[in-house]
Every structure is written in structure tokens, then in C-alpha cells.
Protein chains: 2
Amino acid sequence: MLPPPIPSPPPGRATIADVAREAGVHASTVSRALNPATRGMVTEAVALRVTEVADRLGWRPSAVAAGLRTRKSRTIGILVPDLINPIFPPILHAVETVMAARGYATLVANTDNDPAREALLIERMATHLVDGLMLASAAAGTGALALCARFGIPAVLINRRMPQGADCAATSAVTNDDRHGIGLAVDHLVALGHRRIAHLAGPEGVSTATDRRTGFLDRLRHHGLEPAGLVPAAAYTREAGQVAMAALLAGPPFTAVAVANDMLCLGVYDAVEAAGRRVAADVSVTGFNDMPFVDRIHPGLTTVRIQHDAMGRQAAEILLAEMADPALPRRDIRLVPELVIRASTRPPQEPA
Amino acid sequence: MLPPPIPSPPPGRATIADVAREAGVHASTVSRALNPATRGMVTEAVALRVTEVADRLGWRPSAVAAGLRTRKSRTIGILVPDLINPIFPPILHAVETVMAARGYATLVANTDNDPAREALLIERMATHLVDGLMLASAAAGTGALALCARFGIPAVLINRRMPQGADCAATSAVTNDDRHGIGLAVDHLVALGHRRIAHLAGPEGVSTATDRRTGFLDRLRHHGLEPAGLVPAAAYTREAGQVAMAALLAGPPFTAVAVANDMLCLGVYDAVEAAGRRVAADVSVTGFNDMPFVDRIHPGLTTVRIQHDAMGRQAAEILLAEMADPALPRRDIRLVPELVIRASTRPPQEPA
DNA sequence: TTGTAGGCGTTATCAA
DNA sequence: TTGATAACGCCTACAA
């Protein structure tokens, strides 16, 4: 059971004026006493009395009223392309946890990879006076960062970077070291004896896709090999993975494929089976992300594990820091991934 | 490239007063012209001119200022126990999509199943003046609903119901028909010939766990059978599933187990293998939820599919309706699940 | 149909 | 250290 609802202010909640009256001081004094930042300006005795009255009346500061005055909402926004993609929930979870611990609420929105929708959502967040924005969605060429700049909203990119040129340096980013990561997969396949290795790439224009493709080619050439095939997927989805893998299978032969992302791998498995072949036995497959449960698919997926949680936490910390001091130099954090070897990779049947 | 930033109001954004001055009308007229609800009160010509000026100045209404006046933030909150659990992202996605389409922003927070944290987050959301709250987290006995009532925040439960008594009827809920769903699994196992069937239940006090357990027992008795074992998991996690399954395997023999949730099933698979037995061949397993990718685990999980997306959408619609008219009668929606048969269930080896 | 005035709850500035 | 006053940007009776 709940303590009997406070009788005094029946409809709305108690305001600072109610507390002031009850405590026999002026409203501004109440404000100072109750705001941790200004508490020092007030006599200890007054602070105590005010706090007691505030508690008794069940007073809670109105974030809205305070926000109108201070132009700060103690709210941040996060834009993700697609919450259904399992790499985003852990990131969001980490961001939300850090933000909540610092007293910030988190607005989420799905862009569904639609730049127009993304722009609309940024505008709406600006309207809500978010103190900062976390962009997990910004595809290259989107005006997201320009919008943030226009509204004066500090922003941090997460799991995405802007292309090299342009306002790249103007925004901090926390990403995985994708080139290094895909290199780990290539090294592993080469060590197993594979020579005809294909790449199933991510969608065009997405920084993770670009980096992984570049990294794949670089590392392959480092081993003196050329790609046995390279097809980009239309999106990071299971269906797109199936389509792209079918295309690869229809082309020149290969014994292994390095795939740009785990979600695509599900479709890759589908396509391999549909073609009457077997993952691992006939064609080795590596993924990227180590998303939940890929250890349980069959055969267990060899993949590159990225640090979702650290990504969310670090991005949150950086955003908080830049919100506090916008003049801070921008940062470009690359988290180091690791290879997780499971059952989807084996030495090739017929060594090339 | 962006159009050159509007020169007029360099620091802050344009306000309604700027638009009024520029358009040669009073601020209140601007407000009326720009607010869809009151637009009719104003001459078409004036409306046009005001709109044009507003566009030119890049004016956006301040949700904060409007909220202070109207006591509405055009924001809703959603509390989830754990965003990492894959059944929540699709629900959140659906809720957010519906809300965004109606112009609402969505605040998310993770409770991590901690009632104290839940209470804190509800308070914080109240502080932010959320217009409604979606509770996917309320475990039985939590004061969440009482808090909402105290703050006057409309709330809808999603994937959770309050226990029968108490303020149950006072809150709308959108849930899966869990008793029916688990019954489908039981019917399937019985039809395969299983007679010694165990139940790996969900954590105590969670409505889905209670309903599924009750439904399991009812349906089993309907077939004239008694449970061959019943162990609750400590939480809806893979680890808890493994522990509980190990406990079941240490007890009386059974040929099939109906598990309260897919996440638990991952641990069940782990435990079965650790015991040197095989899922399907030695022990049939059914799950619940049909979470993403369980079709790809090995052997493919037979499970009860629930309508995540419909759940989120309907709950959002109901919340919007009750926000608009709090006097609306409360609703208790049960969505109908379906059985998805895959490879984890087979006739028993030695018919009982 | 439009203008006037006041207030939503808080905080910042200025005096005392 | 505290009080008075104004302002944040918008909305809404009420009056014209």
C-alpha cells in the first residue's frame, strides 16, 4: 500500500512556491537550497528546513520549467537505424545506463534507414531541447550532422563514421576497428589453407561496410591473394544476405567467404543450404559482430566479436564530456575486436 | 551542403515573437495560425503569411515552453526490464513507430528488474512530464502502477499483467494468451506420444511465468497426465535455464520438457549437451516467444510464436486513446499465439 | 478575427 | 545570505 496521497496540492504537484510559503522563505531561496549546484549559497539551517518541507510536500522539480529557463532538458536522444538488428540493443542499453546514472533521460528513435525520417526525428529532438545526440544511424551523405550543427546540438557518432573528407573531423565517433577485424577473419581463413576467398560486403555507403571491404582486400593482398568474388548486400538483413550469397554461389568457385555481418550470415546459411551445399564442410563462413546466439546456430559461427557495451559506454561518456565543454577536441575511438573461432570454418576440401 | 544558416536569430532559434514581428501580427495570432488545432480561428491570408514567415525564419515550436503551459510534453515513456532480451526490441520498435507517427517522442529506460530503479525512473519520467507510460517491466507487487496513479500518468502494461486482485482492473494490459500458448505446446508433445513431460517455469512473480505454469498444468491434466517435473528458473536468462534444466535432469526421468521461454531454451540446450544427451533424439524441447534466430539454432526450436509487433502497436494505440480520454474503460487484450513446429520435438524413444 | 494580459515553474541577476 | 523581479517561449481566457 501507498502512503495516503498528500492532501495539500490535490490536482497538480507541489511547486516551488508552495515549498517557499510553507518554509517561510522566498522561492528563489528554495531553488538555491534544492539545487545541488547552488546549495552552498544558503545557510545550512535554511537548507535543512527547505529540504524537509519539500520532502513533506512531495515536491519534485519540473524538468520542463527548469528546461525553459536553462535551455537544458537533461535529456539526450539516440537515433538507431533499426532496433531489431541485435547489435543495437546492447549499445542502447549501455548508453541508457550511463546516461541514467548521470541523471539524463534517453529519447530513442528508429530511422529505419530513411534519411528524411532521420531529419524529421532530429528536428523533433531539437524541439524537445535534447542536450545531446547519439547517432548510430548516420549513413554517409546524410545531413544529420549538418542539422545537429545548425541546431547547436552536440553529437557523437556510434558504430558509424563520416567519410574521410568534409566535416569528418568535426564530430567524435566511437567505432569498431573494422579493417583490423576483417583482417583477423582473413588471416584465419588463410591459415586454414583457403586460397579462393570471397567477400559478401555490406550495403554501399555505410562506413562499416566500406571499412570491412577495404580491410578485406588489403589483408587478402597482404597474403598475395585476390578476391574470389565480391558482392555487396542491399542491406544488413538476413534476406539481403541470402540474395547476395546466391549471387556469389552463381559466380566463380570459392572455398570460403568472409561476410560483413552476422545478420547477413543467417541468409548465407539459408542460401548455402538452398544450393544443396553445407556450411563448413563445403564452404567456410566468417561473420562479424558476434551477435547474441550465433554460438547456437548450426554450425556455430566463427565471427569477429566487437565490444558493443564498451562502444555504448564510451560514446556516452564522450557525449557527456562534450556537452559539458563543447570546445573539447573531437575524438575518434577505434575499439579492438577479437576473432571467435567456432565450427563454421574448416580447412578447404580441395586445397587450391 | 546546407543552405546558409539563417542570419536573423544567430544564437537561439526564432521564437514566436520574431515571427509575429516579421509578419506584422501579434504573437497570439501566430500561435493560433501555427497550431493545427486553432488554425481555423484565423483568416486564411494571415495564416498563409504567418506560415511563410515561420518557414523563412526556420521557426520550430519549443516543446518545452508549450509543455510548461499545457502540461503536456508530447513524450511518452517506456520501461523495459532488459533491452538485451530479444523479445523487447521488436515491442519497443513497434511502440516507437506508432508514437512517432502521432508526433510523440519516446523515452526508454531499463529497469534491470530492480524495483527501486523502476520507481526512480518513473519519478524521473514524471519530472519530464511524460504524457503516458508503457510498462513492460512491472513485476507483481511492484509499486509501479501506484506511482503512476499518484502522478496521474496514464499507463498501459505490455507483456505483463498485474495479479488477479488489487488494482488489476484499473490498468489496461496487452499480453499474449500464455495459457493457451503453452497448451499448444502440451498438445503437440502429447500428440507425439510423450507421457512424461516436465515444465521448466519462468521466475516467480512474473505474470508470464505464472500463466504459463498454470496453463501447462491445466492442459496436462486435461490429457489425464501429471507433470514429470517442475522447476522454476531464477530469471529469464540463458544461465538460469541451464541451471534449472540441470536440476530437472537430476530428478525423475522425462521425455519432453515445455520451457517457459526461448532464452531459457538456450541454456536448456547447453545443459542437455553437458549431460551427454541430445535435444530431440533424447529429450524433446519446446520454447516460447519464437524470438529471432531460434529457427537457426540446432536443432531448430519448436516454439510458441507471439505477436511482438501487434503487441507494441496495440498497446501504443490504447495508451494514446487513454491519454486522450482517461475515462475510457480499461482493456485487457490477449493476443493469440501459434505453435511453430521445428526439429526440437520428436516422438519419444521409449513410449511411456 | 485579432489583440491584451497573465501565467505555467523555474532560475538568473541584481539589490539589499 | 536572502529577497525581489524578470524572463525563458508559449498558450488561452477575455476583451475589443
Side-chain angles (χ1 to χ4, degrees), chain A residues 8-9 11-50 53-54 57-75 126-129 131 151-152, chain B residues 8-9 11-50 53-54 57-75 126-129 131 151-152:
Chain A
S8 333
R13 295 215 307 286
T15 81
I16 219 170
D18 299 324
V19 178
R21 195 180 325 106
E22 196 84 0
V25 294
H26 194 271
S28 24
T29 304
V30 174
S31 173
R32 289 187 274 252
L34 262 20
N35 186 326
T38 50
R39 179 155 197 161
M41 301 179 176
V42 106
T43 320
E44 187 56 24
V46 174
L48 239 54
R49 181 153 41 97
V50 168
V53 173
L57 298 189
W59 175 85
R60 298 285 175 280
S62 160
V64 171
L68 180 57
R69 185 63 236 238
T70 61
R71 311 184 130 284
K72 275 171 181 15
S73 60
R74 292 199 76 77
T75 295
T127 268
H128 280 277
L129 228 55
D131 300 331
F151 293 132
Chain B
S8 331
R13 296 215 305 287
T15 82
I16 217 170
D18 299 324
V19 178
R21 196 179 325 106
E22 196 83 359
V25 296
H26 196 269
S28 41
T29 304
V30 175
S31 174
R32 289 187 275 252
L34 262 20
N35 186 326
T38 49
R39 179 153 199 162
M41 300 180 176
V42 106
T43 319
E44 188 56 22
V46 173
L48 239 55
R49 182 153 41 96
V50 168
V53 172
L57 298 189
W59 177 84
R60 298 286 176 279
S62 159
V64 171
L68 181 57
R69 184 63 232 251
T70 60
R71 310 186 132 285
K72 264 147 194 32
S73 60
R74 292 199 78 76
T75 295
T127 267
H128 280 277
L129 227 55
D131 299 331
F151 293 131

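Naming: A, B, ... by sequence-line order, numbering from 1 per chain.
Straight-line distance from the CD atom of B/Glu44 to the P atom of C/dT1: 11 Å, rounded to whole Å. Rounded to whole Å, atom P of C/dG7 lies 15 Å from atom CZ of B/Arg71. Taking atom CZ on A/Arg39 and atom C1' on D/dT1, their separation rounds to 15 Å, with Å as the unit. To the nearest angstrom, C1' of C/dG3 lies 17 Å from CZ of B/Arg21. When rounded to the nearest whole Å, the span between CG of A/Asp18 and P of C/dC8 equals 11 Å. Atom C1' of nucleotide C/dG7 and atom CG of B/Leu68 are separated by 9 Å, given to the nearest angstrom.
Nucleic acid contact for B/Val64: none, since no nucleic acid atom lies under 4.0 Å from a heavy atom of the residue.
Side chain of B/Thr43 to main chain of B/Ala45: no donor-acceptor pair is present (N/O by atom type, distance under 3.5 Å, no hydrogens or angles).
Side-chain contact between B/Asp18 and B/Thr15 is present, with at least one heavy-atom pair separated by less than 4.5 Å. Counting only heavy atoms from C-beta outward, the side chains of B/His128 and B/Thr75 never approach each other to under 4.5 Å. Counting only heavy atoms from C-beta outward, the side chains of A/Arg74 and B/Thr127 never approach each other to under 4.5 Å.
Residue A/Thr43 places none of its side-chain N or O atoms closer than 4.0 Å to OP1 or OP2 of D/dT1.
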Dump the pairs, protein N or O against N or O of nucleotides 10-12 of chain C, anything under 3.5 Å, distances to one decimal.
residue: C/dT10; atom: OP1; partner: A/Trp59; partner atom: NE1; Å: 3.1
residue: C/dT10; atom: OP1; partner: A/Ser62; partner atom: N; Å: 3.3
residue: C/dT10; atom: OP2; partner: A/Ile16; partner atom: N; Å: 2.6
residue: C/dT11; atom: OP2; partner: A/Ser31; partner atom: OG; Å: 2.7
residue: C/dT11; atom: O2; partner: A/Arg69; partner atom: NH1; Å: 2.7
residue: C/dA12; atom: O4'; partner: A/Arg69; partner atom: NH2; Å: 3.3

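With rounding to the nearest 0.5 angstrom, the CG atom of B/Leu57 is 12.0 Å from the CD1 atom of B/Ile16.
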Just distance, no hydrogens or angles: give the donor-acceptor pairs under 3.5 Å from side chains in residues 31-38 of chain A, sequence neighbours left out.
residue: A/Asn35; atom: OD1; partner: A/Ala37; partner atom: N; Å: 2.9
residue: A/Thr38; atom: OG1; partner: A/Arg32; partner atom: O; Å: 3.0
residue: A/Thr38; atom: OG1; partner: A/Asn35; partner atom: O; Å: 3.2

